[in-house]
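Structure, as structure tokens:
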Amino acid sequence: MALKIVATAAQKRFPTRNGWMTAIERFDLEVEEGEFVCVVGPSGCGKSTFLRILAGLDHVTGGDVHIVPGPDPTQPLNNVVFQEYAVFPWKTVLDNVAFGLEMRGIPRAERYRRARRWITKVGLTRFEDYFPSQLSGGMKQRVSIARALTNDPQVLLMDEPLGALDAQTRTVLQEELLTIWEETRKTVVYITHSIEEAVFLADRVVIMTAHPGTVKSEFRVDLPRPRDLSTMATPAFAALTGAVWEALRDEVTRAMAEQA
Amino acid sequence: MSTAPGDRRRPSAARGRRGAGLPGWLVPAVVLALIVASSQVFFEAWQRAWLVFAGVAFVCLVLVVQEIEPRVPIRYRGLYGKVLALGFPLLLLTMWEWLSTSGVLNARWFPPPSQIAVALWELTVTYDRFNRTSLIGRPWLVPERLASEGWAGVAALARESHVWATLSRVAFGFVLGATPGVVIGMVMGLNRTVRMMLDATMSAFYVLPKIAIFPILMLVFANPFGEGPKIAVVAISAFFLVAISTMAGVQGIDKVYLEAGRNFGANRWQMFRHVILPAALPIVFSGLRLALGTALIVIVAVEFVRADRGVGFLIFYNWQVLVTPRMYAALVVVMALGVLLTTILQWIERRVMPWRRSPEG
Ligand SMILES: Nc1ncnc2c1ncn2[C@@H]1O[C@H](COP(=O)(O)OP(=O)(O)OP(=O)(O)O)[C@@H](O)[C@H]1O
Ligand SMILES: [Mg+2]
């Protein structure tokens, strides 16, 4: 399998009033084409920072992070589903979802056709003329996901996309995400703080340490696909989440002790 | 003997409680207030303590109306709100009318609303031969003038109108000031260097009362008494307000929208057109609203000082000749102009920002 994302000894430091603050350091990660990788780690360990660098919204201060470009130069490298949705309040659902295509100069009829396909997939057909202020949080995040998928990027980057949603909506969207991913088989880097979510979705779970953020350990998730809610009831699932939690617990305790 | 009044009082108090469900003390309190209000004592105390009486009366009124509200069927609640919103000012006007016709208020300085209404009507239909002006330019003469003098005649009618004079000064000045204000504000919001160079200067001019530079403008323009300086002072007032709030609007844009725009490949122009401009619009419009209000203040002040037509002139002229009902009528016209201009701006705002409409719209 070809490598799609390569991070070698990545380092990111922020200048602050009392010197440099190291967000991530000696960060190594390789993601294969078509792989679904979940990153979990204590709050403030640098998950978002890494994702922003990957998205090209920020730069490393050392080492290297890059996405290996695919054969088609017109296909965008990556798109982000933001932690705070970042759906444009001034555009309708349809125009939000078609935004990436509009920026690439694709004619209206064509971009609406492609956008509608994804709007249907995330179940918002009835709402395509609505503005985000008329939608619930879960619906806004569906718009954000559809906006990224319509742009058909080589890599999909998701930063706690379901973090702000209630438990039921979350579960529904997790399943929807899985269905969509199993269809598209895109390379995905998915940040979450829920271990269950990580194990449920991912091919591989990467655990990050805090201060400075590095990769602590990795777990391969061999649960068979397609997965659904019943997967969560299997002993294999319980064993994996248990193991991930074991590995993460020290980190969380340490991070909390540092903050205290 | 002594028990009789007590017996009579008790059932009446009980009836008060049962009948309307008002708090027991409220009815006697209102009755007491009415007695006090109508008594001679009240009339003498009026001079000194009218504010206290007005306050007490207002509180009583609010309490009574609050008791009525839950009894109004849900269906009529909207109507009820409108009746309150219209009824209360009407009540105040009626009281004003009563106070100034009965002589409690000096009718010379506070003419009754009925007189003001008459004055407003007179101003509308008559032509002031001395000043060679009319309030709205006698539109009923338009067909006649068009036949006799052509469009020049119609323009002459417009030129004699106070409302037209004020409205055109505000409109021209506002557009001439707000347009560069938005542009400069955008540039200041987007470019740090320009912002650092201009911010302090702009803030200094911002706090300067714009009417203070009117004399300078009169020196600058070839005709100091013409329309030039008047329009310019309105434009300058609008400019600084709009520029500063536009800058604040651009700077206050949530970073996550800019990042989303970049992540989806927007180039510089697309970024401006699809992200920065719409994201800043709400604040830009609140700046425009402020600027419009200020423009009206400034133009009235300028017309006080130096104008031979315009609503400000009308107020000031009627103060000089001591025709107070007409002075008040002119004030009413200023209020109406303010409402008209604000409504137009709100209409544009809803047009430009459809996403800010109510969910059903
Ligand atoms: N622009 C910045 N300037 C200074 N420090 C920053 C900046 N951005 C992030 N940091 C710091 O870097 C660290 C990592 O932040 P990051 O947002 O990546 O954490 P996270 O793992 O995504 O946390 P969470 O799970 O709460 O979202 C934090 O300690 C944060 O304070
Ligand atoms: Mg984060």
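All heavy atoms count here, side chains included; hydrogens, waters and symmetry mates do not.
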Per-residue contact mode, Arg52(A) against chain B (heavy atom under 4.5 angstrom): side chain
Donor-acceptor under 3.5 Å (Trp90(A) side chain, Ala279(B) main chain): no
Cation-pi, Phe88(A) ring and Arg147(A) (6.0 angstrom, 45 degrees): yes
Side chain / backbone / both / neither for Gln83(A) at chain B, heavy atoms under 4.5 Å: neither
Stepwise side-chain contact (heavy atoms from CB on, under 4.5 Å) test for Leu29(A) and Arg204(A): CA-CA 11 Å; Leu29(A) 183 71; Arg204(A) 187 152 55 104; 4.2 Å; yes
Structural part of Asp95(A) lying under 4.5 Å from a heavy atom of chain B: neither
Mutual orientation of the aromatic rings belonging to Phe99(A) and Phe264(B) [parallel < 30°, tilted 30-60°, perpendicular > 60°]: perpendicular
Interface moiety of Asn151(A) toward chain B, non-hydrogen atoms closer than 4.5 Å: side chain
Pairs satisfying ring-ring contact (aromatic ring centres under 6.0 Å, His included), at least one member in residues 48-72 of chain A, at least two apart: Phe27(A)-Phe50(A)
Chain B interface, residue from Pro89(A), Ser144(A), Ala55(A) that has the most non-hydrogen pairs under 4.5 Å: Pro89(A)
